[in-house]
Amino acid sequence: MPGDSRQKVCVLGGGGFLGSHLVTSLCDSGKFRVQAIDTTFDKLTVSAPQLTITPADITSAGVLEEAVENNQVIVSTTALCNPSLYNTRPVEVIRESYDHLVPLVELCTRRNRWLVHFSTCEVYGQPLPGSSRQPLREDESRLLLGPINRERWSYACAKQLLERLIWAQGRHHGLPFTIVRPFNVIGPRMDFIPGRDGEGLPRVLACFMKALLAGEPLPLVNGGNQRRSFIYVDDFVAGVRAILLRPARCQGEIINLGHPGNDISIADLAGKMLAVFGALQPGRPLPGVIRVSAEDFYGPGYDDCDYRIPDIGKAERLIGFRPRTGLDEMLPVIVRDYLERYGTATPTGEVSR
Ligand code: UGA
């Protein structure tokens, strides 16, 4: 459209879980022209005149160059973001989180494009002993990763190194950047259901959904006392959209996006999901939970953190960020979405919708 002054934003990984929700939200706002680049787009249902879909791999020749040439902002969301891979395919995890994105950082620096990079709350690693469940702060908390033989931290380390590269290019060579640290975003279309549309182990929400759909007990790794703070995907993408509308405030910043009010143990999350599933599928026997060891579930080299609570004071100050959705509100929406998409597999393997 001639004279169109809307910001041109390219979302790398625009067909993934976070990417597809973000692309939809940016298109709905009417404030952006959006290019979505990914290898698959099964999760992206929106189509709009302001959206261009580009099926491509970011490692293919010319893809990043063209994206940086044609857009003012690049949002990078690509990664192998799944703990079961960190100790089983660590080389690919490191390559996707670091090597594949170094050329993007260089290009954005050279062309003066705003790079909005999705890092991870995993960079905080394990809480310092005795830190008594302190919320994690972007510019103050120490980043404490385990020894090298604990391959769990391969992802966190690669993501941390990329953060350090982006920061250095920003401070010393003028790269306009914002680093976003998402804290356990959950919502419809997250991950995959093993045996249905993917293989291996997804993250906890999809693991529990897989068990519920199959009528199997929900696995609690090491008993499930570890805690996470879950944020609903709509609250998360609202935060990213707000960042994109406030470059002057957000450039040069690292920003946590999470929901400290939704801090819960994994065992209690399982309890809530069983209750929601029972309410949506009355009459179906509920499978309960089962304790599994981390070694049996993930294999050697796995490690965990006991809790991870975001401090969101900075996001509130910069963009007025206030996530609103509690677990009791989001879980019925999410479980219903999985039921609609996958149906319920009966113990005989038949699927009813
Ligand atoms: C993951 C990723 O590593 C991060 O990159 C990402 O930022 C983060 O999720 C996120 O979603 O933001 P983690 O929270 O450990 O980290 O991932 P989950 O697989 O969702 O596991 C959460 C907890 O549940 C872990 O303690 C895990 O051991 C446990 N779990 C997982 C179970 O008890 N049962 C399961 O079936 C699966």
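Counting starts at 1 for both ligands and their atoms, following the listed order. Every heavy atom of this structure was used, including side-chain atoms; hydrogens, water molecules and symmetry mates were not.
Within 6.0 Å of the CZ atom in R111, the count of heavy atoms belonging to other residues, nucleotides or ligands exceeds 12.
In this model, a donor atom of one side chain and an acceptor atom of the other lie less than 3.5 Å apart for D303 and Q126. Checked by atom type, the side-chain pair H259/S229 shows no donor-acceptor distance below 3.5 Å. In this structure, a donor-acceptor pair under 3.5 Å is present between the side chains of R152 and Y302.
Just one of E122, H117, R181 meets the side-chain contact (heavy atoms from CB on, under 4.5 Å) condition when paired with K159; it is H117.
Y86 and Y155 have parallel rings, their planes meeting at less than 30° on a 0 to 90° scale where 60° marks the start of perpendicular.
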Atom pairs, nitrogen or oxygen, ligand 1 to protein, under 3.5 angstrom:
from     : atom 1 : to   : atom 2 : distance (Å)
ligand 1 : 3 (O)  : Y86  : OH     : 2.7
ligand 1 : 3 (O)  : E122 : OE2    : 2.7
ligand 1 : 5 (O)  : Y86  : OH     : 3.1
ligand 1 : 5 (O)  : T120 : OG1    : 3.3
ligand 1 : 7 (O)  : T120 : OG1    : 2.9
ligand 1 : 11 (O) : R203 : NH1    : 3.2
ligand 1 : 12 (O) : N184 : N      : 2.7
ligand 1 : 14 (O) : N184 : ND2    : 2.9
ligand 1 : 14 (O) : R228 : NE     : 2.6
ligand 1 : 14 (O) : R308 : NH2    : 2.6
ligand 1 : 15 (O) : R152 : NH2    : 3.0
ligand 1 : 15 (O) : R228 : NH2    : 2.9
ligand 1 : 16 (O) : E122 : OE2    : 3.2
ligand 1 : 16 (O) : R308 : NH2    : 3.2
ligand 1 : 19 (O) : V204 : N      : 3.4
ligand 1 : 20 (O) : V204 : N      : 3.0
ligand 1 : 26 (O) : Q226 : NE2    : 3.0
ligand 1 : 26 (O) : R228 : NH2    : 3.4
ligand 1 : 26 (O) : D304 : OD1    : 3.2
ligand 1 : 26 (O) : D304 : OD2    : 2.6
ligand 1 : 28 (O) : Y302 : OH     : 2.9
ligand 1 : 28 (O) : D304 : OD2    : 3.2
ligand 1 : 33 (O) : V221 : N      : 2.9
ligand 1 : 34 (N) : P219 : O      : 2.7

